[in-house]
2 protein chains.
Amino acid sequence: MILDSETKAVELPEDHGDELRLWLRLLTCTTLIEGEVRGRLRERFDVTLPRFDPMAQLDTVPDGMTLSDVSKRMMVSNGNVTGLVERLVESGHLDRRTSDTDRRVQVIRLTKAGRAEFRRMAAEHQLWISDIFSDLSPKDVRELMRLLAKTKGSARKAAQKRALQA
Amino acid sequence: MILDSETKAVELPEDHGDELRLWLRLLTCTTLIEGEVRGRLRERFDVTLPRFDPMAQLDTVPDGMTLSDVSKRMMVSNGNVTGLVERLVESGHLDRRTSDTDRRVQVIRLTKAGRAEFRRMAAEHQLWISDIFSDLSPKDVRELMRLLAKTKGSARKAAQKRALQA
DNA sequence: TTACATTTCTTTAGGCTTCAAGCAATTGGC
DNA sequence: GCCAATTGCTTGAAGCCTAAAGAAATGTAA
């Protein structure tokens, strides 16, 4: 604590460089891994990462979910999902119908073929990820999980704070 | 170690779920923070994140760099940078000229106005980042830096391995 | 009921991004 | 010198993405 001549606490201009460097490193890691996954998906299955993602969400449930659910889970805009789903329905991976109880709602789910294809891709995908992280010990993985959970919480809090101001 | 009836080592089907969960959490953190930064840049300065990024790269050097340098540092495609730079030159933030010694090379740098505007944005940007990570202790930050460095190395190694196969 | 707000999804405009192909300049053998 | 390979960048096609506006259905409350 620094005190000025009148013995009041004074704010020192803090250094925020560490956090910035941390953010840049986080971004580098994600970009690197995402690019690697994107490339392998294209090479191996001729599919794009944006097409893979909604299928991954839908594979976690048996009876489909709404467009809003998918867009929230993927953290992308609604309009984006509309287009992605359109193409995935077109290609036969997804099935789409209007909800019986609320005609605004579109329920989408994997077709049988879509789920089968996704499962094949997901199995390899998981091995790639495991390979990408292979230098990390189990302890590293646990510790990283913990710190990223903390980061996620902190980021959400900051986002919340801004949302309330607006 | 598991041995089968003939006393040879046997591979157990390993569980790779932890790494997958780690990757998803990493991705969530990045998406969350990126969205937050994007939103604040737009609100506060009416600028997009993709326009901010090349300026950040160019602010680190006094005399500009080549398009290739920017694209490598940003880890995006060459064609992408061509378009971004085009718009930033258009808006007066960047200055662009052909190299004297190699006429294929385009050297770009911040204009005086571009640098001034970037510095204003960067100062706030750093505070946002600091705010976003504010729940993390200095020790957390150091530890996360260390683990992400390890992750980066591991990912690069995996990418390298694949590049050699192709 | 009527009016208003909210929710869900689509549409539009504009910009971002990749991949692949292609052009021009340079470099490195020979 | 000459040719082939490489390097630096641009272009074109397709798809991805957001923000904002709008349409349709539902919820709420006088």
Side-chain angles (χ1 to χ4, degrees), chain A residues 30-32 34-55 64-91 93-94 96-108 163 166, chain B residues 30-32 34-55 64-91 93-94 96-108 163 166:
Chain A
T30 300
T31 306
L32 205 55
E34 199 170 285
E36 189 60 20
V37 170
R38 182 194 311 280
R40 296 200 195 200
L41 279 176
R42 189 175 42 75
E43 270 180 16
R44 190 77 183 75
F45 299 110
D46 193 31
V47 75
T48 64
L49 188 50
R51 287 173 65 89
F52 182 82
D53 286 340
M55 288 200 273
M65 54 178 79
T66 69
L67 283 194
S68 292
D69 288 340
V70 175
S71 108
K72 266 174 214 142
R73 292 215 200 189
M74 287 177 63
M75 294 195 284
V76 298
S77 66
N78 257 334
N80 187 3
V81 173
T82 294
L84 284 174
V85 165
E86 194 176 293
R87 287 185 286 272
L88 284 166
V89 168
E90 173 79 19
S91 63
H93 294 85
L94 259 50
R96 152 195 212 134
R97 58 183 184 75
T98 303
S99 163
D100 295 328
T101 58
D102 184 338
R103 279 182 307 177
R104 290 168 303 180
V105 174
Q106 299 289 312
V107 178
I108 54 175
Chain B
T30 300
T31 306
L32 205 55
E34 202 171 283
E36 189 59 20
V37 170
R38 181 193 312 279
R40 295 201 195 199
L41 279 176
R42 190 175 42 76
E43 270 181 14
R44 191 73 183 77
F45 300 109
D46 193 31
V47 75
T48 65
L49 189 49
R51 287 173 65 91
F52 183 82
D53 286 340
M55 290 201 271
M65 54 177 79
T66 69
L67 282 194
S68 292
D69 288 339
V70 175
S71 108
K72 267 173 212 140
R73 292 215 200 188
M74 286 178 64
M75 296 194 284
V76 299
S77 67
N78 258 334
N80 188 1
V81 173
T82 294
L84 285 174
V85 165
E86 194 176 292
R87 287 184 286 271
L88 283 167
V89 168
E90 173 80 21
S91 63
H93 294 85
L94 260 49
R96 154 196 210 133
R97 59 186 183 71
T98 303
S99 164
D100 296 328
T101 59
D102 185 337
R103 278 181 308 178
R104 290 168 305 180
V105 175
Q106 300 287 313
V107 178
I108 54 176

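Excluded from the calculations below are hydrogen atoms, water molecules and symmetry mates; all remaining heavy atoms, backbone and side chain alike, are included. A, B, ... follow the sequence lines: proteins, then strands. Residue 1 opens every chain.
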Integer-rounded Å distance: D:dG15 P and A:Glu86 CD
11 Å
What's A:Thr66 touching, base or sugar-phosphate or nothing? Going by heavy atoms closer than 4.0 Å.
sugar-phosphate
5' to 3' contact window, DNA chain C with chain B (heavy-atom distance under 4.0 Å):
C:dC16 to C:dT26
Expected list for residues 44-54 of chain A: side-chain donor-acceptor pairs under 3.5 angstrom, two or more places apart:
from: A:Arg44; atom 1: NE; to: A:Glu124; atom 2: OE1; distance (Å): 3.1
from: A:Arg44; atom 1: NE; to: A:Glu124; atom 2: OE2; distance (Å): 3.0
from: A:Arg44; atom 1: NH2; to: A:Glu124; atom 2: OE2; distance (Å): 2.7
from: A:Thr48; atom 1: OG1; to: A:Arg51; atom 2: N; distance (Å): 3.3
from: A:Arg51; atom 1: NH2; to: A:Ser91; atom 2: OG; distance (Å): 2.8

Give me the distances for all protein-to-nucleotides 17-21 of chain D N/O pairs that come in under 3.5 Å?
from: D:dC17; atom 1: OP2; to: A:Asn80; atom 2: ND2; distance (Å): 3.4
from: D:dC17; atom 1: O5'; to: A:Asn80; atom 2: ND2; distance (Å): 3.2
from: D:dT18; atom 1: OP2; to: A:Ser77; atom 2: N; distance (Å): 2.7
from: D:dT18; atom 1: OP2; to: A:Ser77; atom 2: OG; distance (Å): 2.9
from: D:dT18; atom 1: OP2; to: A:Asn80; atom 2: ND2; distance (Å): 3.4

What donor-acceptor contacts under 3.5 angstrom involve side-chain atoms of residues 74-88 of chain A, with partners at least two apart or in another chain?
from: A:Ser77; atom 1: OG; to: A:Asn80; atom 2: N; distance (Å): 3.3
from: A:Asn78; atom 1: OD1; to: A:Ser71; atom 2: OG; distance (Å): 3.3
from: A:Thr82; atom 1: OG1; to: A:Asn78; atom 2: O; distance (Å): 3.3

Have a look at A:Ser68 and say if it touches a base, only the backbone sugar-phosphate, or nothing, with a 4.0 Å heavy-atom cut-off.
sugar-phosphate
Among residues at least two apart in sequence or on other chains, which ones pass salt bridge (charged side-chain N to carboxylate O under 4.0 Å, His left out) with B:Arg40?
B:Glu36, B:Asp131
Who are the side chain to side chain contact (heavy atoms under 4.5 Å, CB included) partners of A:Thr30, not counting sequence neighbours?
A:Glu34, B:Trp23, B:Leu26, B:Leu27, B:Thr30
Show the nearest heavy-atom pair for residues B:Thr98 and B:Arg103, with the distance to one decimal.
CG2-O, 3.5 Å
Ignoring hydrogens and angles, state whether a donor on the side chain of A:Gln106 or A:Thr66 is under 3.5 Å from an acceptor on the partner side chain.
no
Quick check on contacts: within residues 96-105 of chain B, what sits under 4.0 Å from DNA chain C by heavy-atom distance?
B:Thr101, B:Asp102, B:Arg103, B:Arg104
Over the length of the helix from C:dT1-D:dA30 to C:dC30-D:dG1, how much do the five-pair end axes diverge, rounded to 10 degrees?
20°
For B:Arg97, enumerate each residue passing the side chain to side chain donor-acceptor pair (under 3.5 Å) test, keeping only those at least two apart in sequence or located in another chain.
none
Which residues pass the side chain to side chain contact (heavy atoms under 4.5 Å, CB included) test with B:Thr101, sequence neighbours left out?
B:Ser99
Which residues share a salt bridge (charged side-chain N to carboxylate O under 4.0 Å, His left out) with B:Arg104, sequence neighbours left out:
B:Asp102
Give the rounded distance in Å between these two atoms: CG of B:Asp69 and P of D:dG8.
9 Å
Please give, in whole Å, the distance from D:dT7 C1' to B:Leu67 CG?
13 Å
